[in-house]
Amino acid sequence: MLLATWNVNSIMARLPRLLEWLDATRPDVLCLQETKVADGAFPTAEVAALGYEVAANGSGRWNGVAILSRLGLEAVTAGFAGEPGFPEVEARAVSATCGRVRVWSIYVPNGRELEHPHYAYKLAWLAALRDALRSELGAGHQLAVCGDFNIAPSDEDVWDPAEFVGSTHVSVPERAALTELLDLGLTDVPPRALKGRPFSYWDYRAGMFHKGMGMRIDLVLLSRAPASRVTDAYIDREARKGTAPSDHAPVVVGFATES
DNA sequence: ATGCCCTTGTAACAAGGA
């Protein structure tokens, strides 16, 4: 299976770039975040023309996630049991079975600042996600949890750790929450960089991309069986170049599925 | 070259992103 995840920062604004990328890369499954579109307005026909079915969870202006699959979509679920809200539950998770693999597309809350209520929300959301994923693994699925985690797993995953002292995305509790997900039996698949370091996000401002000032916050977590069968993993930084890019680049992982 | 904020909703900004 060729599996990818991409925070597109509005699927409508990104549609030409998205269709071009899908046609060139042809992943079996693509997880999307920050689609910023209500389900009824999702460009279903445009992606169907390339052979993809859609499982979307979106409410409009903010957030929004989706899974595009050309291996079918079964047992589609929006959100998860016990998912916290801010204060209402937001469109941050969708899951579906694609072929033999249970796939999740998630958009973890940003957190904003360490003292902000959004930070507590982020940690609560991650704890509830852990419990939901524990149930999925208990059901014996091959599992892929993909998305924008808004956590840099280590200091190697930001361009300059000194710039992040006192900030979200690198704090001990956030990294501990990610470690709890990995402790369920998931592997953060290490991507190779096509150039520079394997970052997946660069701020639009101040030429950050061109200066190599990025972060790796978009992750693909695989359960043990698919993680042992990874054939390649990379970040497609070409998608961050050119006209009207997202501020995130796609992460692409190939692995052999169990027979 | 890779090139120096962007997106949506609502009405000139507000809010969020990380």
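Please read all numbers here as calculations on a predicted model, not as lab measurements. Per chain, numbering begins at 1; letters A, B, ... match sequence-line order.
- For the contact set between residues 233-247 of chain A and DNA chain B, defined by any heavy atom under 4.0 Å, the members are A:K241, A:G242.
- Between A:F164 and A:W159, the angle of the ring planes goes over 60°, which puts this pair in the perpendicular group of the 30/60° scheme.
- A:F149 places its CZ atom 14 Å from the P atom of B:dA18, with the value rounded to the nearest Å.
- No side-chain donor from either of A:T257 and A:R229 sits under 3.5 Å from a side-chain acceptor of the other.
- Heavy atoms of A:Y107 sit under 4.0 angstrom from primed sugar atoms or phosphate atoms, though from no base atom.
- Applying the ring pair (Phe, Tyr, Trp, His ring centres under 6.0 Å) test to every pair with at least one member in residues 219-254 of chain A, sequence neighbours left out, gives these pairs: A:Y201-A:H248.
- If you check B:dC6, B:dG17, B:dA18 against the side chain of A:R14, the one that comes closest is B:dC6.
- Using a 4.5 Å cut-off on side-chain heavy atoms (C-beta onward), A:Y107 and A:E34 make contact.
- Closest-nucleotide positions on DNA chain B for A:Y201 and A:M12 were compared, and the one nearer the 5' end corresponds to A:M12.
- Distance, A:L15 CG to B:dT7 C1': 15 Å, rounded to whole Å.
- Spacing between atom OH of A:Y204 and atom P of B:dT2 amounts to 18 Å, rounded to whole angstrom units.
- Straight-line distance between the C1' atoms of B:dC4 and B:dT8: roughly 23 Å, to the nearest whole Å.
- Using a 4.0 Å heavy-atom criterion, one finds that A:K211 contacts no nucleic acid atom at all.
- Separation of atoms OG1 (A:T179) and CZ (A:R130) is listed at 12.0 Å; rounding is to 0.5 Å.
- The closest side-chain donor-acceptor pair between A:E90 and A:S59, if any, does not fall under 3.5 angstrom.
- Without hydrogens or angle criteria, A:K211 side chain to A:A206 main chain gives a donor-acceptor distance under 3.5 Å.
- Separation of the P atoms belonging to B:dG16 and B:dT10 is 15 Å when rounded to the nearest angstrom.
- Residue contacts for A:T168: at a heavy-atom cut-off of 4.0 Å it reaches no nucleic acid atom on any strand shown.
- Atom-to-atom, CD1 of A:I11 to C1' of B:dT8 comes out at 15 Å; the value is rounded to the nearest Å.
- Between A:L194 atom CG and B:dT2 atom C1' the separation is 13 Å, expressed in whole Å.
- Annotation: B:dT7 and B:dA12 have their C1' atoms spaced 16 Å apart (nearest Å).
- The side chain of A:R61 contributes no N or O atom lying less than 4.0 Å from OP1 or OP2 of B:dT10.
- A:R205 places its CZ atom 13 Å from the C1' atom of B:dT7, with the value rounded to the nearest Å.
- The NE2 atom of A:H210 sits 14 Å away from the P atom of B:dA1 (whole-angstrom rounding).
- A salt bridge does not link A:R175 with A:D157: every distance from a Lys NZ or Arg NE/NH1/NH2 to an Asp or Glu carboxylate oxygen is 4.0 Å or more.
- In this structure, A:M213 places its CE atom 17 Å from P of B:dG3, rounding to the nearest Å.
- If you check B:dG16, B:dA18, B:dT8 against the side chain of A:A13, the one that comes closest is B:dT8.
- When each of A:N9 and A:N63 is assigned the nucleotide of DNA chain B with its nearest heavy atom, A:N9 is the one assigned upstream, toward the 5' end.
- Ring geometry, A:W104 versus A:F80: the interplanar angle falls from 30° to 60°, so the pair is classed tilted.
- Using a 4.0 Å heavy-atom cutoff across all strands shown, A:H169 reaches sugar-phosphate atoms only and no base atom.
- Listed nucleotides B:dG16, B:dA18, B:dC6 differ in distance to A:W62; the shortest reach to its side chain belongs to B:dG16.
- Taking atom C1' on both B:dC13 and B:dA18, the two are 22 Å apart, rounded to the nearest angstrom.
- As judged by a 4.0 angstrom heavy-atom cut-off over every strand, A:H248 is placed among residues touching the sugar-phosphate backbone only.
- Residue contacts shown for A:M208 are absent, as no nucleic acid heavy atom lies under 4.0 Å away.
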